Structures are given as C-alpha cells and as structure tokens.
Amino acid sequence: MEWGDETLRISRSHAATSSTPLSRYVSIAEAAQRASVNRDTIRRMIADGQLPAYRFRGQVRIAAEDIDKAMRPIK
C-alpha cells in the first residue's frame, strides 16, 4: 500500500475549528514516537479516519491533543 496524497484523508473541517496553536502539531514520525507505535500505524489511523491530520506547506501534521485522544486505554 502506498501512502501518497490519495490515501491520506486530511480533515479540513477540523482544522478550521481547531484552537490548537501551530507549535502543537507534530509530524507522523513524532506522533508515532509519542504514541509508541510504528509510523505505518499512524498513517493507517489517518487513512481510516481515526486520527485527524492536516497538511501544512506540503507536510502532514497531527495535533498533539488528537494523538492523546486516539490512544486510549482498553477497558
């Protein structure tokens, strides 16, 4: 599976309403490290719509708070 522009669903509506400052956005690699998962897992979560992502100047960015929300404990 390729992870080009066509496979990443970028949430534009959330970006317009988010109050997260730009400095709180991280790259896919940083998101993976923060969540202790592989980068492919982060890409898959974005593609599946489980994790909102945004494109800033050609780079995919993820709000740090969205990573924390997505990684929740199993009950």
Side-chain angles (χ1 to χ4, degrees):
M1 178 181 276
E2 292 184 16
W3 297 106
D5 293 339
E6 63 280 352
T7 58
L8 290 178
R9 275 185 246 155
I10 308 300
S11 173
R12 298 188 196 294
S13 61
H14 184 70
T17 60
S18 178
S19 60
T20 306
L22 288 178
S23 63
R24 299 291 299 151
Y25 287 88
V26 297
S27 67
I28 289 175
E30 292 167 324
Q33 184 177 14
R34 182 180 182 113
S36 299
V37 298
N38 191 288
R39 289 181 293 212
D40 289 340
T41 301
I42 297 295
R43 288 185 182 106
R44 193 176 312 112
M45 292 176 73
I46 294 168
D48 291 345
Q50 297 173 330
L51 185 62
Y54 316 96
R55 191 169 297 282
F56 294 114
R57 297 183 181 175
Q59 297 181 350
V60 175
R61 294 288 185 227
I62 302 140
E65 66 184 40
D66 289 338
I67 299 163
D68 297 337
K69 289 177 189 175
M71 299 298 159
R72 59 189 181 280
I74 299 174
K75 293 184 178 183

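Keep in mind the model is a prediction, meaning the values are calculated, not measured.
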Name every donor-acceptor pair, under 3.5 Å, that has one atom in a side chain of residues 57-64 and the other anywhere in the protein, sequence neighbours excluded.
{"unit_1": "Q59", "atom_1": "OE1", "unit_2": "R61", "atom_2": "NH2", "d": "2.6"}

query = Considering only heavy atoms from C-beta outward, does the side chain of R34 approach that of D68 to under 4.5 Å?
reply = yes

Heavy-atom nearest pair, A35 first then I67, reads CB-CG2, 4.1 Å

Taken in chain and number order and not counting sequence neighbours, the residues that satisfy salt bridge (charged side-chain N to carboxylate O under 4.0 Å, His left out) with R39 are none

With sequence neighbours left out, the residues meeting side chain to side chain contact (heavy atoms under 4.5 Å, CB included) with Q50 are M45, D48

So CG of L51 and OG1 of T41: to nearest 0.5 Å the spacing works out to 11.0 Å

Residues passing the side chain to side chain donor-acceptor pair (under 3.5 Å) test with E30, sequence neighbours excluded, are S27

Rounded to the nearest 0.5 angstrom, the CD1-CG distance for I28 and D40 is 9.5 Å

